[in-house]
There are 2 protein chains.
Amino acid sequence: MRLDRLDERLLALLVDDARRSYAELGTHVGLTASAVKRRVDRLRGGGAITGFTVLLNPHALGWTVEGYVELYCRSSTPPETIKAAIDGLAEVVEASTISGEADAMLRILAADMRHFERVLEQIGGQPFVARTKSVLVLSPLLRRAAGTAPP
Amino acid sequence: MRLDRLDERLLALLVDDARRSYAELGTHVGLTASAVKRRVDRLRGGGAITGFTVLLNPHALGWTVEGYVELYCRSSTPPETIKAAIDGLAEVVEASTISGEADAMLRILAADMRHFERVLEQIGGQPFVARTKSVLVLSPLLRRAAGTAPP
DNA sequence: GCTGAAAAGGCTGACGA
DNA sequence: TCGTCAGCCTTTTCAGC
């Protein structure tokens, strides 16, 4: 899908605040509300925008512990198996298969350290998991919702 | 900030789709639109909801390479120094100081492999960075916008 | 805290340039 | 592809309970 400058500016404005009205977006980029709506509809239809969400503050919700977990799997576990195992765990907020020694990287949010440990045990208990290696987040420095358009 | 069941259900509904109308949210939880609005306003004021955004599809925008980068810093670099260095890099979408051998973990999105390499060089060129260690994402399995309320 | 109503403003689709 | 415009729906506020 091809984007022009206006589309990129609209995306940046929406990443910053998705509740801006079409009219407000229009004044920023020099279009009318309907022209903006047409472009946003096109960005959604084309798959560039996959959804609208709220950003939550984990700390305000009582999630005080965060960590990254590397997964080492037995033999060559297919990605689908890993996904199926973690899909039910609400504490896992990010997961990818990766290159290197480990097979997958997870990011986990937990209410406290005991909760974090319990989640680790649930993951480590899976039959395809050989071992895990985790680090705790000390200070979250940056959490961007999404990338903007490429330079 | 204290949340009751209704607040948690509203948050889950908004994480799933932040463009639902107050009336629609109300039918899901059994409240009128104005009651829902007051609760959402309270969740925003209390800091539980920190903002509204769009979710972008990196691939549809031409960002085809993703990776995790561990940062090893000289002596004890303060978190502020790290944050200041990466704040200007749009390619860094996530950053935290962490426990363990490395000092920080970054997640990076790039248009292609050359772009990823260039970003690594920019980061490695910082005076406080001793070395970096990176792994590439093979398949993104899960990317949740945020955690829901604690169990 | 909630409901319900009323005014203001945003969304949406059709139409012509 | 854009702008205009009309009809409808949502948001927002404020009594009243």
Side-chain angles (χ1 to χ4, degrees), chain A residues 1-63 145-151, chain B residues 1-63 145-151:
Chain A
M1 141 158 241
R2 285 197 62 80
L3 307 182
D4 63 16
R5 289 284 173 77
L6 257 43
D7 291 322
E8 289 175 13
R9 289 171 62 193
L10 288 174
L11 286 180
L13 288 164
L14 285 172
V15 166
D16 180 58
D17 179 6
R19 293 221 306 186
R20 283 191 234 256
S21 68
Y22 292 131
E24 187 193 336
L25 294 169
T27 63
H28 279 90
V29 302
L31 290 177
T32 60
S34 1
V36 171
K37 180 185 187 296
R38 273 192 292 267
R39 279 173 178 264
V40 173
D41 284 348
R42 179 175 154 272
L43 290 168
R44 301 223 301 156
I49 295 175
T50 58
F52 291 73
T53 20
V54 289
L55 293 174
L56 301 184
N57 177 354
H59 206 274
L61 297 174
W63 298 77
T148 47
Chain B
M1 135 159 247
R2 284 197 61 80
L3 307 182
D4 63 15
R5 287 287 171 78
L6 258 42
D7 291 322
E8 291 176 11
R9 288 171 64 192
L10 288 174
L11 286 180
L13 287 165
L14 285 172
V15 166
D16 179 58
D17 179 6
R19 294 219 306 186
R20 283 190 234 255
S21 70
Y22 292 130
E24 187 194 337
L25 293 170
T27 64
H28 278 90
V29 301
L31 290 178
T32 61
S34 4
V36 172
K37 179 184 188 299
R38 268 192 296 109
R39 279 175 179 263
V40 173
D41 285 347
R42 179 175 155 273
L43 290 169
R44 301 224 300 156
I49 295 176
T50 58
F52 291 73
T53 20
V54 289
L55 294 174
L56 301 184
N57 177 354
H59 206 273
L61 298 173
W63 298 79
T148 47

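Values below: every heavy atom of this structure, side chains too, minus hydrogens, waters and symmetry copies. By convention in this document, chain letters (A, B, ...) are assigned in the order of the sequence lines, proteins followed by strands, and residues within each chain are numbered from 1. Quantities reported herein were computed from a predicted structural model and do not represent experimental measurements.
Between B:Arg38 atom CZ and D:dG16 atom P there is a gap of 16 Å when expressed in whole angstrom units. Counting to the nearest Å, the C1' atom of C:dC11 and the CZ atom of B:Arg20 are 19 Å from each other. If you measure from atom CZ of A:Arg42 to atom P of D:dT1, you get 7 Å, rounded to the nearest angstrom. For the pair A:Glu24 CD and C:dG10 P, the computed distance is 9 Å after rounding to whole Å. Between the P atom of C:dG10 and the CG atom of A:Asp41 lies a distance of 18 Å, rounded to the nearest Å. Distance B:Tyr22 OH to D:dT12 C1': 9 Å, rounded to the nearest Å. Atom CG of B:Asp4 is separated from atom C1' of C:dG1 by 11 Å (rounded to the nearest Å). Going from atom CG of B:Leu31 over to atom P of C:dG4 covers 12 Å, rounded to whole Å.
Nucleic acid contact for A:Arg39: sugar-phosphate only, since backbone atoms but no base atoms lie under 4.0 Å from a heavy atom of the residue. Contact annotation for A:Ser21: backbone-only contact, meaning every heavy-atom pair under 4.0 Å involves sugar-phosphate atoms and none involves a base.
With respect to B:Arg9 and B:Asp4, no salt bridge is recorded, no charged nitrogen being found less than 4.0 Å from a carboxylate O. A salt bridge between B:Arg2 and B:Asp7 is absent, with no side-chain N of the basic residue lying under 4.0 Å from a carboxylate O of the acidic one.
Positionally, the nearest nucleotide of DNA chain C for B:Val36 lies more toward the 5' end than for the other of B:Val36 and A:Ala33.
To the nearest 0.5 Å, the span separating CG on A:Leu61 from CG on B:Leu11 amounts to 6.0 Å.
Distances shorter than 4.0 Å separate some side-chain N or O of B:Lys37 from OP1 or OP2 on D:dT13.
Exactly one residue among A:Val15, A:Leu10, A:Leu13 makes a side-chain contact (heavy atoms from CB on, under 4.5 Å) with B:Val54. That residue is A:Val15.
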